[in-house]
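Take a look at the structure below.
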Amino acid sequence: MNILEFSLLVWLGSFSAGFIGALTGLGGGVVIVPLLTSVFDVDIRYAVGASLVSVIATSLGAASTYIKKGYTNLRLGMFLEVATTIGAIIGAMIAVFVSVKMLTIVLAIVLIYSAYLSQRPRIEIDQNQPADPLADYFHLNGTYPTPDGLMSYKVHSVPAGFSVMFVAGILSGLLGIGSGAFKVLAMDQAMRIPFKVSTTTSNFMIGVTAAASAGVYLARGYIDPGLSMPVMLGVLPGAFLGAKVLIGAKTQILRIIFSLVLVVMAFKMVYNSLIGGL
(Lines give C-alpha, C1' and ligand atoms only; values in the text may rest on other atoms or scores of the structure.)
Protein backbone atom coordinates (compact mmCIF):
# COMPACT_ATOMS: atom_id res chain seq x y z
CA MET A 1 0.00 0.00 0.00
CA ASN A 2 1.46 3.34 -1.04
CA ILE A 3 1.06 6.60 0.89
CA LEU A 4 -1.79 7.85 -1.33
CA GLU A 5 -3.85 4.69 -0.85
CA PHE A 6 -3.13 4.74 2.88
CA SER A 7 -4.19 8.39 3.20
CA LEU A 8 -7.38 7.80 1.19
CA LEU A 9 -8.42 4.83 3.31
CA VAL A 10 -7.67 6.72 6.51
CA TRP A 11 -9.72 9.65 5.18
CA LEU A 12 -12.72 7.41 4.46
CA GLY A 13 -12.54 5.84 7.90
CA SER A 14 -12.14 9.24 9.54
CA PHE A 15 -15.12 10.66 7.65
CA SER A 16 -17.29 7.85 9.01
CA ALA A 17 -15.87 8.35 12.51
CA GLY A 18 -16.61 12.08 12.41
CA PHE A 19 -20.16 11.45 11.23
CA ILE A 20 -20.91 8.87 13.92
CA GLY A 21 -19.09 10.84 16.61
CA ALA A 22 -21.09 14.01 15.94
CA LEU A 23 -24.37 12.12 15.64
CA THR A 24 -24.06 10.18 18.91
CA GLY A 25 -21.92 12.52 21.02
CA LEU A 26 -19.38 9.74 21.63
CA GLY A 27 -16.57 11.46 19.75
CA GLY A 28 -14.83 10.24 16.60
CA GLY A 29 -11.82 8.98 18.54
CA VAL A 30 -13.70 5.94 19.78
CA VAL A 31 -13.60 4.68 16.17
CA ILE A 32 -10.32 6.27 15.02
CA VAL A 33 -8.04 4.57 17.58
CA PRO A 34 -9.18 0.97 16.96
CA LEU A 35 -9.36 1.66 13.21
CA LEU A 36 -5.74 2.83 13.04
CA THR A 37 -4.39 0.13 15.37
CA SER A 38 -6.39 -2.87 14.14
CA VAL A 39 -6.68 -2.15 10.42
CA PHE A 40 -3.56 -0.10 9.65
CA ASP A 41 -1.22 -1.49 12.36
CA VAL A 42 -0.37 1.97 13.70
CA ASP A 43 1.28 2.12 17.13
CA ILE A 44 -1.44 2.92 19.65
CA ARG A 45 0.33 6.02 20.99
CA TYR A 46 0.51 7.58 17.51
CA ALA A 47 -3.09 6.50 16.94
CA VAL A 48 -4.09 8.28 20.14
CA GLY A 49 -2.22 11.40 19.02
CA ALA A 50 -4.04 11.45 15.67
CA SER A 51 -7.30 10.69 17.46
CA LEU A 52 -6.92 13.72 19.71
CA VAL A 53 -6.63 15.87 16.59
CA SER A 54 -9.76 14.20 15.20
CA VAL A 55 -11.67 14.79 18.43
CA ILE A 56 -10.85 18.49 18.31
CA ALA A 57 -11.98 18.60 14.67
CA THR A 58 -15.21 16.73 15.50
CA SER A 59 -15.99 19.18 18.27
CA LEU A 60 -15.30 22.20 16.07
CA GLY A 61 -17.37 20.79 13.22
CA ALA A 62 -20.42 19.86 15.28
CA ALA A 63 -20.45 22.46 18.05
CA SER A 64 -21.12 25.47 15.83
CA THR A 65 -24.26 23.90 14.37
CA TYR A 66 -25.59 22.79 17.75
CA ILE A 67 -24.97 26.16 19.38
CA LYS A 68 -26.79 28.00 16.59
CA LYS A 69 -29.80 25.71 16.97
CA GLY A 70 -29.90 26.21 20.75
CA TYR A 71 -29.25 22.62 21.83
CA THR A 72 -25.90 23.03 23.59
CA ASN A 73 -25.88 24.10 27.25
CA LEU A 74 -22.77 26.28 27.16
CA ARG A 75 -22.81 27.17 30.85
CA LEU A 76 -23.06 23.51 31.88
CA GLY A 77 -20.38 22.50 29.39
CA MET A 78 -17.90 25.09 30.63
CA PHE A 79 -18.61 24.17 34.25
CA LEU A 80 -17.98 20.46 33.65
CA GLU A 81 -14.88 21.18 31.55
CA VAL A 82 -13.05 22.10 34.77
CA ALA A 83 -13.21 18.43 35.77
CA THR A 84 -12.49 16.96 32.35
CA THR A 85 -9.54 19.25 31.63
CA ILE A 86 -7.81 18.37 34.89
CA GLY A 87 -8.50 14.69 34.27
CA ALA A 88 -7.25 14.90 30.66
CA ILE A 89 -3.90 16.34 31.71
CA ILE A 90 -3.48 13.62 34.36
CA GLY A 91 -4.44 10.91 31.87
CA ALA A 92 -2.02 12.17 29.23
CA MET A 93 0.83 12.21 31.76
CA ILE A 94 0.03 8.67 32.89
CA ALA A 95 -0.26 7.34 29.33
CA VAL A 96 3.45 7.64 28.54
CA PHE A 97 4.26 5.23 31.40
CA VAL A 98 1.58 2.64 30.62
CA SER A 99 2.37 -0.39 28.45
CA VAL A 100 0.85 -0.69 24.98
CA LYS A 101 -0.92 -3.92 25.87
CA MET A 102 -2.45 -2.34 28.96
CA LEU A 103 -3.69 0.61 26.90
CA THR A 104 -5.23 -1.78 24.41
CA ILE A 105 -7.09 -3.76 27.09
CA VAL A 106 -8.40 -0.57 28.71
CA LEU A 107 -9.56 0.75 25.34
CA ALA A 108 -11.36 -2.53 24.58
CA ILE A 109 -13.22 -2.31 27.89
CA VAL A 110 -14.21 1.30 27.16
CA LEU A 111 -15.42 0.30 23.67
CA ILE A 112 -17.64 -2.48 25.01
CA TYR A 113 -19.03 -0.23 27.73
CA SER A 114 -19.67 2.50 25.15
CA ALA A 115 -21.63 -0.03 23.10
CA TYR A 116 -23.70 -0.87 26.17
CA LEU A 117 -24.35 2.80 26.91
CA SER A 118 -25.54 3.52 23.40
CA GLN A 119 -28.27 0.88 23.81
CA ARG A 120 -29.25 1.65 27.40
CA PRO A 121 -32.82 2.95 27.82
CA ARG A 122 -32.97 6.63 28.66
CA ILE A 123 -34.63 7.90 31.82
CA GLU A 124 -37.59 10.16 31.14
CA ILE A 125 -37.34 13.73 32.36
CA ASP A 126 -39.31 14.42 35.54
CA GLN A 127 -40.21 18.07 35.57
CA ASN A 128 -41.67 17.75 39.07
CA GLN A 129 -38.31 16.93 40.67
CA PRO A 130 -36.43 19.96 42.00
CA ALA A 131 -33.10 20.86 40.45
CA ASP A 132 -29.84 20.37 42.28
CA PRO A 133 -29.09 23.41 44.51
CA LEU A 134 -25.70 23.73 42.80
CA ALA A 135 -27.45 23.83 39.42
CA ASP A 136 -29.59 26.72 40.65
CA TYR A 137 -26.59 28.49 42.16
CA PHE A 138 -24.50 28.24 38.96
CA HIS A 139 -27.53 28.77 36.66
CA LEU A 140 -27.01 25.45 34.86
CA ASN A 141 -30.67 24.77 34.00
CA GLY A 142 -31.72 25.58 30.45
CA THR A 143 -34.03 25.11 27.49
CA TYR A 144 -33.80 23.33 24.14
CA PRO A 145 -35.89 23.41 20.94
CA THR A 146 -38.55 20.77 20.26
CA PRO A 147 -41.28 20.48 17.59
CA ASP A 148 -43.65 21.97 20.22
CA GLY A 149 -41.36 24.92 20.98
CA LEU A 150 -38.74 25.53 23.65
CA MET A 151 -38.73 22.96 26.44
CA SER A 152 -37.16 23.77 29.82
CA TYR A 153 -35.21 21.20 31.82
CA LYS A 154 -33.49 20.98 35.21
CA VAL A 155 -30.02 19.65 36.00
CA HIS A 156 -29.73 17.08 38.80
CA SER A 157 -26.90 15.41 40.75
CA VAL A 158 -24.21 17.97 39.88
CA PRO A 159 -21.52 16.42 42.19
CA ALA A 160 -22.04 12.95 40.65
CA GLY A 161 -21.88 14.35 37.13
CA PHE A 162 -18.76 16.35 37.96
CA SER A 163 -17.04 13.21 39.32
CA VAL A 164 -17.88 11.16 36.21
CA MET A 165 -16.53 14.02 34.07
CA PHE A 166 -13.20 13.81 35.91
CA VAL A 167 -12.97 10.09 35.07
CA ALA A 168 -13.95 10.89 31.48
CA GLY A 169 -11.10 13.39 31.28
CA ILE A 170 -8.57 10.82 32.50
CA LEU A 171 -9.77 8.31 29.89
CA SER A 172 -9.60 10.97 27.19
CA GLY A 173 -5.98 11.80 27.98
CA LEU A 174 -5.10 8.12 28.37
CA LEU A 175 -6.83 6.79 25.25
CA GLY A 176 -7.40 9.81 23.03
CA ILE A 177 -11.05 8.96 22.46
CA GLY A 178 -12.71 12.10 23.79
CA SER A 179 -14.64 9.90 26.27
CA GLY A 180 -17.92 11.13 24.89
CA ALA A 181 -19.65 7.99 26.16
CA PHE A 182 -18.88 8.91 29.75
CA LYS A 183 -19.81 12.54 29.19
CA VAL A 184 -23.16 11.48 27.76
CA LEU A 185 -23.54 9.03 30.67
CA ALA A 186 -22.91 11.76 33.22
CA MET A 187 -25.37 14.21 31.69
CA ASP A 188 -28.06 11.82 30.45
CA GLN A 189 -28.11 9.21 33.23
CA ALA A 190 -26.68 10.95 36.30
CA MET A 191 -27.72 14.57 35.70
CA ARG A 192 -30.93 13.56 33.85
CA ILE A 193 -30.98 16.18 31.13
CA PRO A 194 -32.49 15.58 27.65
CA PHE A 195 -30.51 13.23 25.43
CA LYS A 196 -30.04 15.70 22.59
CA VAL A 197 -28.73 18.27 25.05
CA SER A 198 -26.37 15.61 26.45
CA THR A 199 -24.95 14.67 23.05
CA THR A 200 -24.60 18.24 21.79
CA THR A 201 -23.01 19.49 25.00
CA SER A 202 -20.69 16.46 24.93
CA ASN A 203 -19.61 17.40 21.39
CA PHE A 204 -18.86 20.91 22.59
CA MET A 205 -16.81 19.61 25.52
CA ILE A 206 -14.74 16.86 23.90
CA GLY A 207 -12.67 19.32 21.87
CA VAL A 208 -11.58 21.23 24.97
CA THR A 209 -10.78 17.98 26.79
CA ALA A 210 -8.75 16.67 23.85
CA ALA A 211 -6.87 19.97 23.48
CA ALA A 212 -5.78 19.75 27.11
CA SER A 213 -4.11 16.38 26.58
CA ALA A 214 -2.95 16.92 22.98
CA GLY A 215 -0.19 19.23 24.16
CA VAL A 216 1.35 16.44 26.22
CA TYR A 217 1.28 14.04 23.25
CA LEU A 218 2.74 16.71 20.97
CA ALA A 219 5.60 17.33 23.39
CA ARG A 220 6.28 13.59 23.52
CA GLY A 221 6.38 13.39 19.70
CA TYR A 222 3.30 11.19 19.33
CA ILE A 223 1.40 13.45 16.92
CA ASP A 224 2.54 12.59 13.39
CA PRO A 225 1.45 15.25 10.83
CA GLY A 226 1.40 12.68 8.01
CA LEU A 227 -1.11 10.58 9.92
CA SER A 228 -3.05 13.39 11.60
CA MET A 229 -3.73 15.34 8.37
CA PRO A 230 -5.94 12.75 6.57
CA VAL A 231 -7.63 11.98 9.88
CA MET A 232 -8.54 15.62 10.48
CA LEU A 233 -9.55 16.23 6.83
CA GLY A 234 -11.91 13.25 7.01
CA VAL A 235 -13.35 13.87 10.46
CA LEU A 236 -14.27 17.54 9.93
CA PRO A 237 -16.72 17.13 6.99
CA GLY A 238 -18.10 13.98 8.63
CA ALA A 239 -18.78 15.94 11.82
CA PHE A 240 -20.56 18.72 9.90
CA LEU A 241 -22.77 16.14 8.18
CA GLY A 242 -23.51 14.31 11.44
CA ALA A 243 -24.46 17.56 13.15
CA LYS A 244 -26.99 18.39 10.43
CA VAL A 245 -28.50 14.89 10.46
CA LEU A 246 -28.86 14.72 14.28
CA ILE A 247 -31.30 17.61 14.53
CA GLY A 248 -34.17 15.77 12.83
CA ALA A 249 -33.04 12.13 12.75
CA LYS A 250 -33.89 9.03 14.77
CA THR A 251 -30.62 7.35 15.66
CA GLN A 252 -31.73 3.98 17.07
CA ILE A 253 -30.70 1.93 14.02
CA LEU A 254 -27.38 3.77 13.87
CA ARG A 255 -26.83 3.01 17.57
CA ILE A 256 -27.29 -0.71 16.95
CA ILE A 257 -24.82 -0.70 14.04
CA PHE A 258 -22.39 1.44 16.00
CA SER A 259 -22.58 -0.88 19.03
CA LEU A 260 -21.82 -3.92 16.88
CA VAL A 261 -18.83 -2.16 15.31
CA LEU A 262 -17.48 -1.19 18.73
CA VAL A 263 -17.76 -4.72 20.07
CA VAL A 264 -16.08 -6.25 17.00
CA MET A 265 -13.24 -3.73 17.15
CA ALA A 266 -12.78 -4.29 20.88
CA PHE A 267 -12.40 -8.05 20.53
CA LYS A 268 -10.11 -7.64 17.53
CA MET A 269 -7.84 -5.28 19.46
CA VAL A 270 -7.68 -7.67 22.42
CA TYR A 271 -6.88 -10.54 20.06
CA ASN A 272 -4.12 -8.54 18.36
CA SER A 273 -2.66 -7.57 21.71
CA LEU A 274 -2.65 -11.11 23.08
CA ILE A 275 -0.89 -12.51 20.01
CA GLY A 276 1.60 -9.65 19.96
CA GLY A 277 0.15 -7.96 16.90
CA LEU A 278 0.47 -4.48 18.30
Side-chain angles (χ1 to χ4, degrees), residues 14 17-18 20-22 24-33 36 44-67 72-96 98 103 107 110 161-162 164-184 186-187 198-240 242-243:
S14 301
I20 296 172
T24 61
L26 300 179
V30 77
V31 177
I32 289 293
V33 175
L36 293 177
I44 191 169
R45 292 188 176 91
Y46 288 96
V48 168
S51 175
L52 289 170
V53 175
S54 80
V55 168
I56 296 171
T58 301
S59 179
L60 291 174
S64 60
T65 301
Y66 297 147
I67 292 172
T72 304
N73 189 328
L74 289 174
R75 184 179 288 272
L76 177 63
M78 289 186 287
F79 173 76
L80 296 176
E81 271 303 331
V82 176
T84 57
T85 301
I86 295 172
I89 295 173
I90 294 174
M93 295 175 66
I94 294 174
V96 298
V98 178
L103 281 176
L107 177 56
V110 173
F162 195 85
V164 176
M165 288 294 174
F166 177 73
V167 175
I170 292 177
L171 289 173
S172 176
L174 191 64
L175 304 173
I177 60 174
S179 297
F182 289 89
K183 290 180 173 67
V184 174
M187 289 182 281
S198 300
T199 57
T200 54
T201 304
S202 170
N203 271 289
F204 166 72
M205 294 173 61
I206 57 177
V208 181
T209 307
S213 51
V216 177
Y217 279 84
L218 180 63
R220 298 282 182 174
Y222 290 131
I223 296 182
D224 182 358
L227 178 63
S228 300
M229 184 182 69
V231 169
M232 183 179 64
L233 292 178
V235 163
L236 194 56
F240 273 117

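Residues that satisfy the side chain to side chain contact (heavy atoms under 4.5 Å, CB included) test with Ala50, not counting sequence neighbours, are Leu36, Leu227, Ser228, Val231. Taking Phe240 as the reference, nothing meets the ring pair (Phe, Tyr, Trp, His ring centres under 6.0 Å) condition, with sequence neighbours excluded. With sequence neighbours excluded, the residues forming a side chain to side chain contact (heavy atoms under 4.5 Å, CB included) with Leu218 are Ile223, listed by chain and number. Take Met93 and apply the side chain to side chain contact (heavy atoms under 4.5 Å, CB included) test, not counting sequence neighbours, and it matches Ile89. Every residue two or more places apart in sequence or in another chain that forms a side chain to side chain donor-acceptor pair (under 3.5 Å) with Thr84 is listed here: Glu81, Thr209. Scored by the ring pair (Phe, Tyr, Trp, His ring centres under 6.0 Å) test, Phe166 finds no partners at all (sequence neighbours excluded).
Here the OH-CG distance, from Tyr46 to Asp224, works out to 7.0 Å after rounding to the nearest 0.5 Å. Note that the CD1 atom of Ile32 and the OG atom of Ser14 stand 3.5 Å from one another [nearest 0.5 Å]. Here the straight-line distance linking atom CG of Leu80 with atom CG of Leu76 works out to 4.5 Å at 0.5 Å rounding. Put simply, CE on Met78 and CE on Met205 are 11.0 Å apart, with the number rounded to the nearest 0.5 Å. Separation of atoms CD1 (Ile67) and OG1 (Thr201) is listed at 9.0 Å; rounding is to 0.5 Å.
In this structure the side chain of Met187 reaches within 4.5 angstrom of the side chain of Met165, judged on heavy atoms.
Checking side-chain atoms of Thr200 against main-chain N and O of Tyr66 turns up no donor-acceptor pair under 3.5 Å.
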request  = Take Val82 and Phe162 through the test side-chain contact (heavy atoms from CB on, under 4.5 Å) and record every step on the way to the result.
outcome  = CA-CA 9 Å; Val82 176; Phe162 195 85; 4.3 Å; yes
- request: Check the pair Val48, Tyr222 against side-chain contact (heavy atoms from CB on, under 4.5 Å), reporting the backbone distance first and the verdict last.
  value: CA-CA 8 Å; Val48 168; Tyr222 290 131; over 6 Å; no
